[in-house]
Amino acid sequence: MVNLRYNAGNILNPNVHKIGILALGSHLENHGPALPIDTDAKIASYIALQSSLESGAKFLGVIYPAHEIEEINHGVHFSLEELANNIIETLKSAKKFLAIEKVIIVNAHGGNIPLFLHLEEIENKAHIDIIMNNKIVENEGPHGGSGELSIGKILTILDEDEVANQTNLDEFGEVGLAMFESARKNDPGIEEGANEIENHGVYVDDTFGKQLLNLAINSVLLDVEKLLDY
C-alpha cells in the first residue's frame, strides 16, 4: 500500500484526515423571487467546503433530501426517517472509502432541526462520532430575509432586481414563513421572524453577509479542533 503523507499540505494536524465535513440544507423550497430554491444547500456547502479548505478536514459533499415540519409547505421535503437513512449511508461510505471517524454536519435549513433528536441513533448505526453545527440557522434570521439575502449577495446567487419584490407577501408568503399561520401560532421564533418581515421588510448588506458566513465558518473550525482533542 502507498505510504500516504498525512502531514503534507496546510493542515491543522495529520489527524484531521479522519474528520469529515458534510453539508445539509434543502434543495427544493421557495425563498421568494430573489433567491434560488436550493439556497440552503448552497449556503451549507459553501460553509462546509471553506471550513475543510482552512482546516484540512475532508469535504464530504452535500446531503440531497431535507425535512420540514408539517405546518410548513413551501417546497419538496422528506420524512425524518428518509433523511436519517440517507445520512447514515453517506457516513458509512465515508468511513469505508475515506477512513473517516468523526464528522461535522453543517446544517443551513431550519426544517432539519428535528433530526438532532435522532443524532445518537445515526452515530450508532454509522459508527461515527458526529457534531451537528447549526450556527448559520441560529444567526441568519427569517426565511428569505435580510440575512439570507445578504449571504446570497456574497455567494452571487442573489437576483438583486427582485429584492424589491421579496416582501410581496401576497405572492411570496414563504418569505419569513408569513403565510403559515399554524406554524406562527405554535412557534414563537417563527412568529417573531414573520413579524420582522411584515413590519421592517428586507435589505441587502454585503458586510452583514460576510459576517454571517465568517461566524459560521469559524464555528465549524472550532468544532474541528474539538474533534482533534478527543
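What you see below is based on every heavy atom in this structure, not just the backbone, and it leaves out hydrogens, waters and symmetry mates. Numbering starts at 1 and runs along the sequence shown.
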Is it the case that [X] and [Y] place a side-chain donor and acceptor less than 3.5 Å from each other?
| X | Y | value |
| --- | --- | --- |
| Gln166 | Glu162 | no |
| Ser150 | Asp206 | no |
| Lys58 | His17 | yes |
| Asp40 | His31 | yes |

Would you check if the side chain of [X] reaches a backbone N or O of [Y] as a donor-acceptor pair within less than 3.5 Å?
| X | Y | result |
| --- | --- | --- |
| Thr156 | Gly152 | no |
| Thr39 | Leu35 | no |
| His67 | Phe78 | yes |
| Ser45 | Lys42 | no |

Specify whether His77 and His109 have parallel, tilted or perpendicular ring planes, treating 30° as the upper limit for parallel and 60° as the lower limit for perpendicular.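 Rings of His77 and His109: parallel, under 30°.
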By the definition side chain to side chain contact (heavy atoms under 4.5 Å, CB included), identify the one residue from Ile104, Leu91, Val62 that meets it with Leu22.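 It is Leu91; the other options fail the test.
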Atom CG in Asn107, atom CG in Leu24: separation rounded to 0.5 Å?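 The CG atom of Asn107 sits 4.5 Å away from the CG atom of Leu24.
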Ionic contact status for Lys226 with Asp229, cut-off 4.0 Å: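 Answer for the salt bridge query: no.
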